[in-house]
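Notes follow the structure.
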Amino acid sequence: MNCPECGAVMNHHATKVDYTTDDPELIDSTFGGVVKEAYTCPHCGWIELQ
Amino acid sequence: MNTRALSIPVILGTTRKGRASEHVASFVFEEVQKREGVETQLIDIRNLQFPIDDAGEAIKDSAFSNTIMHADGLVIVTPEYNHGYPGLLKHALDTNLKEYIHKAVGICAVSAGGFGGTRVCENMLPVLRELGLVTIFWDGNFSGARDFVDENGNIRDRATHEKRINKFLSELIWMSKVLRYGRENISIGQKH
């Protein structure tokens with residue numbers, strides 16, 4: 001994915017379970033939360049979690 | 001490799017009036033400022049003023065989140081209150097998530113007694129881990145908080161404190177650099 005701030009290609013460096021949602025449609029029952037991917041922009045340091 | 005200055009803010013984690021941790025936070029902040037190639041700022045959670053009728057990312061403070069977003073490491077200065085950390089510190093930390101992932105953090109713990117806040121350090125570790133932060137193995141331990149400065153506001157036994165905090169900061173800076181390189185260049189699942 002591209003950085004929403006500067007447009008550079010971001011690096012996928014982590015996968016994180018987000019436990020803050022109550023929406024059963026979004027929760028992965030294997031992990032008990034929403035499994036999200038973390039990306040960091042090597043140019044400006046922006047982080048996205050999706 | 002990215003040449004942006006390393007960013008390591010210092011968070012003062014108590015709002016209590018007369019807080020002894022303020023002196024420690026100022027000292028640590030000064031020591032971070034001495035480090036070449038490192039930018040810092042002192043974040044006083046007293047100034048953040050999050051609402052208390054909600055919690056988490058729903059009550060983000062854009063300036064605070066932006067600072068954490070662009071940080072490479074964090075120093076958390078926390079007092080030990082009843083063996084734990086202040087609730088308002090947790091309240092502030094919980095307003096971010098993605099901003100913390102794979103970033104270094106070190107704890108400077110402050111206690112009135114003689115154990116240097118070791119219990120609050122241990123209590124904070126699982127929280128910081130779940131937030132996605134990477135804890136270093138050095139802590140800053142400040143015992144006898146009420147006597148940290150003399151009647152003129154000068155730090156007592158400054159040389160000893162500097163010697164200790166230099167070890168802590170060297171480790172934190174190293175970890176911040178390594179994790180920044182990893183965040184920006186090494187993909188999860190990447191083959192060696």
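Residue numbers begin at 1 in each chain, while the letters A, B, ... track the order of the sequences.
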Task: Within-4.5 Å side-chain heavy-atom neighbours: I47(A) and E99(B) - done: no
Task: chain A contact via D72(B) - which portion, at a heavy-atom distance below 4.5 Å - done: neither
Task: F29(B) reachable from I155(B) in the ILVMFWY side-chain graph, under 4.5 Å edges - done: yes
Task: Heavy-atom side-chain proximity of R4(B) to H43(A) below 4.5 angstrom - done: no
Open item on the list: For residues L169(B) and F142(B): do they belong to one hydrophobic cluster (side chain heavy atoms under 4.5 Å, members Ile, Leu, Val, Met, Phe, Trp, Tyr)?
Closed with: yes
TODO: Kindly check if the number of other-residue, nucleotide or ligand heavy atoms within 6.0 Å of CZ (F115(B)) is above 12?
DONE: no
Task: Side-chain touch E184(B)/N11(A), heavy atoms, less than 4.5 angstrom - done: no
Open item on the list: Given heavy-atom pairs under 4.5 angstrom as the criterion, report whether the side chain, backbone, both or neither of E37(A) touches chain B.
Closed with: neither
Open item on the list: Return the NZ to OG1 distance between K103(B) and T40(A), rounded to the nearest 0.5 Å.
Closed with: 7.0 Å
Open item on the list: With clusters defined by side-chain heavy atoms of hydrophobic residues (ILVMFWY) lying less than 4.5 Å apart, directly or transitively, does L179(B) cluster with V10(B)?
Closed with: yes
- [ ] Assess whether atom NZ of K34(B) is packed by more than 12 heavy atoms of other residues, nucleotides or ligands within 6.0 Å.
- [x] yes
Task: Heavy-atom contact with chain A under 4.5 Å, split by part of I68(B) - done: neither
Task: N154(B), CG: over 12 other non-hydrogen atoms inside 6.0 angstrom - done: yes
Open item on the list: Rounded to the nearest 0.5 Å, what separates atom NZ in K98(B) from atom OH in Y39(A)?
Closed with: 13.5 Å
TODO: Determine whether more than 12 heavy atoms belonging to other residues, nucleotides or ligands lie under 6.0 Å from atom CZ of R158(B).
DONE: yes
TODO: Please answer whether the main-chain N or O of E130(B) pairs with a side-chain N or O of K16(A) as donor and acceptor at a distance below 3.5 Å.
DONE: yes
Open item on the list: Would you compute the distance between atom CG of L49(A) and atom CG of L97(B) and round it to the nearest 0.5 angstrom?
Closed with: 6.0 Å
- [ ] May I ask you to check whether over 12 heavy atoms, not counting those of R119(B), lie within 6.0 Å of atom CZ?
- [x] yes
Open item on the list: At a 4.5 Å cut-off on heavy atoms, which part of A38(A) comes close to chain B: side chain, backbone, both, or neither?
Closed with: side chain
Task: Side chain to side chain, I101(B) and H13(A), heavy atoms closer than 4.5 Å - done: yes
Open item on the list: Do W174(B) and L74(B) land in one hydrophobic cluster if side-chain heavy atoms of ILVMFWY residues count as linked below 4.5 Å?
Closed with: no
TODO: Under 4.5 Å, counting heavy-atom pairs only, tell me which of H102(B), E57(B), H70(B) racks up the most with chain A.
DONE: H102(B)
